[in-house]
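Note that the structure is a prediction, hence the values are computed from the model and not measured. To find a chain, count down the sequence lines: A is the first, B the second, and so on, and within it residues start at 1.
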Amino acid sequence: TTDKQKPIELSVFAAISLTDALGEIGAAFTAESGIKVYYNFEASTTLQRQLEKGASADVFISASPRQVVALETNGLTEAESRQDLLTNQLVLVADETAEISVKTPDNLAIPEISRIAIGHPNIVPAGTYAKEALTHFRLWETLQPKLIFGMDVRATLAYVTAGNVDVAIVYKTDTTLTEAIKVLYALPSEAYTPIIYPAVVMKSSQRKQLARRFITYLQSMQSGEIFEKHGFTFLD
Amino acid sequence: MRITPTEVAALSLSIKVAFLSLVIMLPPGLLAGWLLAKRTFPGKALLNTFVMWPLVLPPIVSGYLLLILLGRHGFIGGLIYRVFGIEIVFTPLAVVIAVSVISFPLLVRGIVTGMESVPVELENAARTLGASPVKVFWTITFPLAYRGIIGGTILGFSKSLGEFGATIMVAGNIPGKTQTMALAIFSAVHLGEDASVYRLVFIATVVAFIALWLTERFTLR
Amino acid sequence: MRITPTEVAALSLSIKVAFLSLVIMLPPGLLAGWLLAKRTFPGKALLNTFVMWPLVLPPIVSGYLLLILLGRHGFIGGLIYRVFGIEIVFTPLAVVIAVSVISFPLLVRGIVTGMESVPVELENAARTLGASPVKVFWTITFPLAYRGIIGGTILGFSKSLGEFGATIMVAGNIPGKTQTMALAIFSAVHLGEDASVYRLVFIATVVAFIALWLTERFTLR
Amino acid sequence: MGDSTNIRLNFRKSLGSFSLEVNCTLRTKVSAFLGVSGSGKSTLLNCISGTLTPDEGEIAFGDEVLYASASGINLPPEKRRFGYVFQEGYLFPHLTVAQNIRYGQPNPRKSTDAITVLEIGEFLQQYPKELSGGQRQRVAIARALAMEPRMLLMDEPLASLDSALKDRIIPYLHHVKEVFETPILYVTHAFSEAMALADEAFLIADGAIMASGEPHQLLTAPSAMPIAQMTGVENILFLPVTASDKARGLTALEIGDQSLIIPYIDVEVDEVVPVAIRAEDIMISLDPNLAISARNILLGKIQCLDVKGDRTWLSILVEWHHLAVKITHEAREQLQLREDLEVYCVIKASAINRLWD
Amino acid sequence: MGDSTNIRLNFRKSLGSFSLEVNCTLRTKVSAFLGVSGSGKSTLLNCISGTLTPDEGEIAFGDEVLYASASGINLPPEKRRFGYVFQEGYLFPHLTVAQNIRYGQPNPRKSTDAITVLEIGEFLQQYPKELSGGQRQRVAIARALAMEPRMLLMDEPLASLDSALKDRIIPYLHHVKEVFETPILYVTHAFSEAMALADEAFLIADGAIMASGEPHQLLTAPSAMPIAQMTGVENILFLPVTASDKARGLTALEIGDQSLIIPYIDVEVDEVVPVAIRAEDIMISLDPNLAISARNILLGKIQCLDVKGDRTWLSILVEWHHLAVKITHEAREQLQLREDLEVYCVIKASAINRLWD
Ligand SMILES: Nc1ncnc2c1ncn2[C@@H]1O[C@H](COP(=O)(O)OP(=O)(O)OP(=O)(O)O)[C@@H](O)[C@H]1O
Ligand SMILES: Nc1ncnc2c1ncn2[C@@H]1O[C@H](COP(=O)(O)OP(=O)(O)OP(=O)(O)O)[C@@H](O)[C@H]1O
Ligand SMILES: [Mg+2]
Ligand SMILES: [Mg+2]
């Protein structure tokens with residue numbers, strides 16, 4: 001196969017929030033197998049666009065099933081290769097110094113909260129889930145004037161720390177990105193479809209077996225520990 | 001080709017911002033350009049680096065730093081909020097600031113190149129005719145640097161249309177309010193709406209073409 | 001201050017890419033600059049717009065269009081893949097291409113400004129001395145446009161360091177392979193690694209400072 | 001102390017391997033600096049105008065110190081208000097001729113005159129690029145004049161002009177000097193211009209002042225022979241008009257009890273006019289009754305004979321005036337010229353040029 | 001057809017409200033174009049050099065058509081290979097003097113000579129900015145000479161040089177013309193330079209050629225009176241040397257059976273030299289035995305008298321030569337001059353200038 005003609009390496013497109021965790025796992029994988037792993041860390045939607053436009057990757061790890069589904073529909077992924085790796089939770093955060101307290105989702109309507117940042121619902125997976133949750137609580141319409149859409153997690157959080165929004169809805173894992181925020185409230189998980197990080201083998205991959213092996217490795221206990229260390233909930 | 005109202009708003013915001021930021025940046029741009037082109041002083045390379053900074057950093061990072069500075073908790077943003085009670089972030093003003101900061105180096109470089117090419121002999125001649133350094137600047141250095149200034153303006157204007165990274169950070173991407181053409185195109189790309197992308201790219205290109213064509217006509221002697 | 005190996009790789013890639021893209025862009029840049037500065041022809045404003053295009057469009061869009069063009073299904077990328085069996089996107093070559101395309105307008109504008117300020121009288125004098133237009137270009141127009149060329153080079157080099165939007169689209173953000181300083185900074189921002197952000201910003205700034213300082217020293221007469 | 005338009009120059013300036021070192025005082029209204037190409041004339045004017053800073057020394061205009069390295073004084077050019085006609089012109093390319101002229105003074109009192117005399121009225125709306133070389137030079141003169149300067153610095157201002165134009169501009173400069181009392185510092189390589197304008201001339205060579213004096217002194221002084229050889233010698237006389245005949249085109253000047261006939265000039269009787277005669281335009285005769293077309297046959301006495309190279313230089317006292325005369329050795333021998341001999345100086349009227357006043 | 005260095009000029013060029021229209025053929029090695037400032041001299045050279053394109057007409061160099069609007073020919077400047085000394089110099093500021101000179105010809109055969117004569121050897125490594133005005137002008141001349149041009153176009157090349165330098169450069173240009181057979185097209189406002197160099201002179205006024213001819217013809221021709229008045233008249237004679245006395249500093253020329261004594265020149269006997277005498281430097285006497293220092297008393301016959309303004313112009317035939325002489329009406333009356341009268345022309349040796357060859 002072509003696996004032997006080229007130096008053995010694996011190209012993995014992964015959601016940028018996985019950078020640190022995958023970095024460690026990749027190093028361990030390379031140490032064990034001798035296979036070098038190259039990651040391309042970007043927003044999941046960007047990765048989706050790149051893959052659609054002909055980028056070749058062996059493995060795609062998205063922060064949301066949406067992108068994977070879209071690629072599957074276009075026939076770009078290897079059938080039956082999808083594995084759900086991780087799950088995450090939505091939390092409501094505020095600036096560390098804020099004196100707001102939120103006990104129920106309805107509290108989001110209180111006047112002390114004049115602006116709420118979420119990821120762009122069409123672009124950032126966290127935003128999609130946030131929209132789902134707000135819709136679930138029938139707040140989506142009423143809160144519209146208060147909503148600010150961040151182009152990525154980082155922007156969403158930065159709006160909080162800069163003091164320009166009062167609260168933001170982000171992944172639980174994102175709360176480790178800055179110490180200047182605190183978690184006010186964890187959104188009930190029944191309000192949104194489970195947040196899943198799926199991994200999939202790409203059809204264009206020339207090392208599909210290796211790719212599967214890598215995904216299997218991601219599902220191993222060692223990997224699970226690393227993921228957990230970085231705040232993810234490991235799906236086994 | 002149909003254009004939606006939000007796209008019209010984006011177009012008009014982009015054009016307004018491009019002009020406004022040029023107007024705002026010209027005075028400090030001329031000052032910095034003059035210092036870099038005509039003076040020698042210790043720390044000149046530092047000033048040069050400072051001016052080039054927004055170009056050297058990824059725009060998203062510049063935007064991030066701007067957000068930190070202009071946010072309600074930020075040094076400048078906080079001050080303004082306490083004194084005037086107004087907020088900069090997420091407003092069209094933020095767009096103007098972001099665009100200005102990012103296109104500043106382009107404008108300044110043009111000005112520097114233009115002013116460097118003004119012969120010091122002509123400036124000296126003006127001074128023998130009684131002109132103060134300030135008058136020399138406005139009547140000799142500035143007009144004779146016009147090629148460079150126009151060059152810088154063209155770059156700055158074009159960049160204004162395309163600026164995205166910093167804008168999105170400090171201004172958000174609020175359709176009808178802070179969404180510029182660049183942000184609209186960006187959104188379309190991200191949503192995979194290729195037809196929309198092409199349409200918007202075409203519009204932006206036409207705007208640039210008109211601006212460049214007018215500049216050319218206007219500066220032809 | 002400790003720098004990680006991937007950061008070293010990013011720094012070295014950025015510097016290599018900055019130089020390489022300057023070298024690659026100089027010939028077409030000189031040609032385009034010369035056409036725009038010294039010739040009049042129908043469609044000049046079109047050429048001008050074409051050159052400015054990468055600046056007018058958000059870099060991410062330029063990157064997107066490049067991706068479409070250079071990807072395996074793209075017109076150029078597909079051709080190259082079929083003929084040479086190599087892939088451009090997501091390689092360091094893609095970084096060079098993205099950076100080149102984005103900094104091209106900056107370089108060209110500098111060259112245009114520089115060449116416009118070369119007196120046609122000197123070019124004519126050279127021709128009376130038997131120099132062909134090509135010789136005039138290389139011995140008179142080009143060296144006397146040095147201020148503008150340097151200005152454009154400074155802009156182009158600085159932008160090379162900071163280019164992010166187009167790079168991330170066509171080359172990805174692959175640490176150790178296509179991750180430039182700008183992308184490393186972007187990643188660090190994203191991951192909330194503030195210390196890393198500041199360290200990388202500092203390094204990028206120092207690189208820019210050194211480049212600007214050398215340019216200044218080198219061009220001081 | 002001192003007259004308010006005294007100009008004291010005492011400074012040093014090095015440019016590469018060239019070094020200019022001057023130490024002199026200009027006491028007069030028009031000072032001419034003569035010197036070959038590269039002798040440092042432009043460098044001198046640059047230092048005086050303030051566009052170039054000397055290495056050390058002092059420059060003073062009357063009581064006002066313009067530059068003094070010791071006390072750190074260095075008045076910027078705009079405070080000096082010296083109108084500088086640069087050798088290269090340095091017109092502002094983006095301004096029309098009219099705008100160039102108005103640059104130093106939006107409402108110049110003198111510019112209409114200047115524009116007329118300099119014959120630049122026709123192209124006031126043109127840009128410098130659209131002018132000929134000589135036209136540009138004239139605009140540069142007008143621009144410096146229009147600013148109503150305290151002093152005029154002129155660096156070969158007439159170099160690319162034809163003599164007919166020169167002959168119209170020089171009297172105007174005289175007029176400026178007299179009416180507006182503007183001292184002029186005039187750099188030239190043409191001795192005739194210096195003669196026509198200057199009260200005092202300085203010979204500058206290799207960055208140093210070699211000789212100075214009234215222009216004709218500079219020439220008749222035996223020490224000044226190299227200057228004479230460099231520039232072409234002239235005699236300058238200041239003589240009152242006794243009669244003028246326009247129809248005949250002649251004017252008579254009084255030289256002691258004798259009369260000097262020159263081409264007609266439009267001047268009142270008794271007015272004193274300066275005239276120039278080249279040493280080689282004077283012939284010597286022993287016979288007063290020559291049937292010759294030359295109008296002037298003046299009695300004088302040989303003061304000294306000086307054999308220099310292949311020519312004999314005579315200094316002849318005519319009334320109270322010394323005339324420098326250059327003749328061949330043959331002529332000297334044939335006429336047996338010697339000191340104290342009374343001789344006649346034969347001069348054609350047309351060989352006598354009136355200097356401007 | 002025609003001699004290979006014939007230059008045919010027949011074109012029109014408008015610049016703003018100014019219009020140049022020429023129609024002439026230059027048949028000679030050195031042609032001088034004289035004219036006041038703004039008359040179109042530089043425009044003419046620009047058109048010939050190819051740096052400016054005429055509106056219509058034709059320019060030909062020998063058999064080679066350089067420009068023809070009818071057939072659309074327009075040879076670019078580099079193909080014309082005319083060395084052009086621009087009025088403004090246009091040295092390349094980024095090249096040293098040596099590099100400027102080598103620009104047109106990396107191995108110039110002639111440049112050492114030119115560098116010596118132009119006295120620019122000292123600053124070959126300097127940049128144009130570091131030169132004086134006159135030095136720049138000399139470098140421009142050297143650059144044009146070094147390219148070994150087919151023809152030299154010189155636009156007031158000596159305008160900012162002192163006369164001592166001019167006197168060394170002009171003979172060198174003669175040398176270039178003779179030895180390298182390079183035709184020269186020389187623009188000047190100084191008639192003396194035209195006289196010293198040119199075989200044929202053209203008077204250009206307001207964009208049109210008003211008169212042409214050998215320089216001295218141009219002056220002695222009665223039709224040329226305005227020219228004479230504009231430029232200062234001169235007589236040019238080509239006379240063979242009969243004897244030369246270095247010790248006495250005199251050389252004798254043969255003018256028919258008579259002799260003309262001039263300042264010493266280092267020339268073989270029998271060689272023909274051109275000399276110039278200004279009309280006003282010639283006196284008329286009826287008496288051959290004047291006790292006067294003037295060395296030359298030549299017998300001649302008045303051909304015609306011409307009363308112009310306040311002077312009388314005489315055309316006197318001396319042997320086969322016509323001399324233009326300018327005297328006062330008084331002198332004419334006193335000596336009762338009339339046509340066909342035999343008179344003596346009195347000329348000082350030093351008033352006769354040798355022209356360069
Ligand atoms: N920047 C410089 N560096 C080195 N030498 C210089 C510089 N500027 C002038 N010089 C030299 O100084 C000397 C005097 O120059 P200056 O321009 O004063 O001469 P000038 O008397 O005006 O001559 P000209 O009549 O030719 O204009 C020249 O020999 C010139 O080469
Ligand atoms: N681009 C132009 N536009 C309009 N008029 C022009 C232009 N160039 C030259 N002229 C005019 O053409 C005339 C001739 O100019 P030219 O330079 O040929 O004169 P010149 O004989 O060389 O004079 P000079 O002795 O002063 O150098 C001048 O009156 C000038 O004003
Ligand atoms: Mg000078
Ligand atoms: Mg001219």
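- Looking at Ile150(C), neither its backbone nor its side chain comes within 4.5 Å of chain B, counting heavy atoms on both sides.
- Looking at Ile60(B), the atoms closer than 4.5 Å to chain C (heavy atoms on both sides) all sit in the side chain, from C-beta outward.
- For a residue to count as touching a neighbouring chain, one of its non-hydrogen atoms must lie under 4.5 Å from one of that chain's; by this rule Phe209(C) touches chain B with backbone and side chain alike.
- Comparing Ser117(C), Gly114(C), Gly165(C) by heavy-atom pairs within less than 4.5 Å of chain B, the highest count is held by Ser117(C).
- Nearest heavy atom pair, residue Gly162(C) against residue Pro59(B), reads O-CD, 3.9 Å.
- With rounding to the nearest 0.5 angstrom, the CG atom of Leu212(B) is 11.5 Å from the NZ atom of Lys44(C).
- Contacts of Met169(C) with chain B are made by side-chain atoms alone, with heavy-atom separations under 4.5 Å and no backbone atom involved.
- Summarising the geometry of Leu155(B) relative to Pro105(C), their closest heavy-atom pair is CD2-O, 3.8 Å, with the distance given to 0.1 Å.
- Between chain C and the options Gly152(B), Ala188(B), Gly151(B), Ser14(B), the largest number of non-hydrogen pairs under 4.5 Å is found for Gly151(B).
- Annotation: maximal heavy-atom pairing with chain C below 4.5 Å, among Glu163(B), Met181(B), Lys159(B), Arg147(B), occurs at Arg147(B).
- By the 6.0 Å contact criterion, NZ on Lys16(B) is open, its count of non-hydrogen atoms from other residues, nucleotides or ligands being 12 or less.
- A distance of 9.0 Å separates CD1 in Ile185(B) from OG in Ser62(C), rounded to the nearest 0.5 Å.
- Contact annotation for Trp213(B): both backbone and side-chain heavy atoms come within less than 4.5 Å of a heavy atom of chain C.
- In this structure, the separation between OG1 on Thr113(C) and CD1 on Ile154(B) is 7.5 Å, given to the nearest 0.5 Å.
- For chain B, no part of Val112(C) is nearby; none of its heavy atoms comes within less than 4.5 Å.
- Using a 4.5 Å cut-off between heavy atoms, Arg109(C) contacts chain B through its side chain alone, with no backbone atom that close.
- Rounded to the nearest 0.5 angstrom, Leu200(B) CG and Leu57(C) CG are separated by 10.5 Å.
- Considering CZ of Phe164(B) and CZ of Phe164(C), their distance stands at 7.0 Å, rounded to 0.5 Å.
- Looking at Phe157(B), neither its backbone nor its side chain comes within 4.5 Å of chain C, counting heavy atoms on both sides.
- Atom OG of Ser158(B) sits about 9.5 Å away from atom CG of Leu106(C), to the nearest 0.5 Å.
- Chain B forms the most heavy-atom pairs under 4.5 Å with one residue out of Val201(C), Val56(C), Leu161(C), Leu65(C), and that residue is Val56(C).
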